[in-house]
Protein chains: 2
Amino acid sequence: MKNYKIVIQYDGTRYDGWQKQGNTKNTIQGKLEDILQKMAGIPVEVHGSGRTDAGVHSKGQVANFHIDTKMSCEEIRDYINEYLPKDIGVLSVEVVHDRFHSRLNAIGKTYEYRIVTSKIPHVFEKNYVYQYGKKLDVQAMRQAAIYLVGEHDFLGFCSLKKMKKSSVRTITSIEIEEIEDEINIKITGNGFLYNMVRIIVGTLIEVGIGDRKSEEIEEVLTKRDRQLAGFTAPSSGLSLLKVYYNS
Amino acid sequence: MKNYKIVIQYDGTRYDGWQKQGNTKNTIQGKLEDILQKMAGIPVEVHGSGRTDAGVHSKGQVANFHIDTKMSCEEIRDYINEYLPKDIGVLSVEVVHDRFHSRLNAIGKTYEYRIVTSKIPHVFEKNYVYQYGKKLDVQAMRQAAIYLVGEHDFLGFCSLKKMKKSSVRTITSIEIEEIEDEINIKITGNGFLYNMVRIIVGTLIEVGIGDRKSEEIEEVLTKRDRQLAGFTAPSSGLSLLKVYYNS
């Protein structure tokens, strides 16, 4: 059996997220496993680098699986793409060393969040942005973002009330770009808690609209209280952009 | 009553084209007229610059209508956008002189057609491109396009067998650009027959894949025979980009 690493894009709009859960097969993982089972003749488990929630997109999700096949990597890619629905696509397939695990070996991830600040609808991007429709103070948002960069306990930016494991994570960068009527936020870190990116974005939007001060971010971090943070920004604007590995 | 000119974008995927027809209200024109009737309190007729077929998109369709209102142009735009589904959006509203008619005064149009030549699915663009999946000879396509530019009888590139009026049109330019795994064709002319752009694109694709020679284009033009032209490329790849007016 060889270990294959794949990079996958998907428009998450129609799906219940990445991860197979209970009886629903309407997940990205579920779709991939169905096709690989057909290809390999036996059940195949696909390990993703992490979950993405219902409605969240991916431009670079990474997964791996073990199968025994004589097909080349390109043939595997084309086979999977032929059977996948049009809103999921495999960009690349490569053989990796046997112990590579897309989740356990991931050292970081970049997420992207897109906000449209004008009232004019972006009809071709409707499923990929948050159509907020109001001007935001990007300078204030950048100021607030500075408080988040670094190693912190992000429990206040997590939808789960209790974490079994540590809720300490490191955010290595937050880039906020404004291009015409769109604000693009890229957040890179070594790991993210449940809904963490969307709550960070919601909090930054509240800073940008003038409903809260940048300094309040510090309080959310020290008090670790979800109630003190902002709203959870909608899933449509969020994409997993890239997953990082050593070497 | 004032005469208003609007510029509209739409993702045509879910619609039966621009024009209201019989009982179906599932057209862009139908959606706009419903909202304007609600706004004005009386039926309003919306004149488009021309039809777009089912599944065809617009980045710059132009229409006009006469209403009596105290609302500003910006208020009208925001009102319409609030009631429109997310896949239709009004970019701008302006008052124009009383005799302006978006179809009768149009002097030209540019259409864009997008072809993906790789097998890798473009998941975020799936509704806006033709996922052809094979390499095309762009130089040969450009060579073939030269035969089409100028004033010709385009009946051979029309799905209707007979035209009540003249089938002579002028194509002023065909630009074919290749960017990574996408070929983008922009066709500008003073008017287009039914399915003309899609049949031109289908014929250029057959030249690009090596199934026919560029010189055959000349025969289609002189013999005016639809059977001699190529296939009708799918609607998903086609967008009305711009409509031109004098002054």
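Naming convention: chains lettered A, B, ... in sequence-line order (proteins, then strands); numbering from 1 in each chain.
Aromatic rings of A:His57 and A:Tyr128 (six-membered ring for Trp) have centroids within the 6.0 Å cut-off, being under it.
With a 4.5 angstrom heavy-atom cutoff, B:Ile88 touches chain A only via backbone atoms. Interface remark: B:Ser58 contributes backbone atoms only to the contact with chain A (heavy atom separation under 4.5 Å). If you measure heavy-atom distances from B:Tyr10 to chain A, the contacts under 4.5 Å come from the backbone alone. Proximity to chain A (any heavy atom under 4.5 Å) is restricted, for B:Asp78, to the side chain, taken from C-beta onward. Proximity to chain A (any heavy atom under 4.5 Å) is restricted, for B:Lys126, to the side chain, taken from C-beta onward.
Aromatic ring pairs are classed by plane angle as parallel below 30°, tilted from 30° to 60° and perpendicular above 60°; the pair B:Phe100 and B:His97 is perpendicular.
In the model, A:Thr110 has a side-chain atom that pairs as donor or acceptor with a side-chain atom of A:Tyr244 under 3.5 Å. If you check the side chains of A:Asn3 and A:Asn64, you find a donor sitting under 3.5 Å from an acceptor. A donor-acceptor contact closer than 3.5 angstrom is absent between the side chains of A:Gln21 and A:Asp16.
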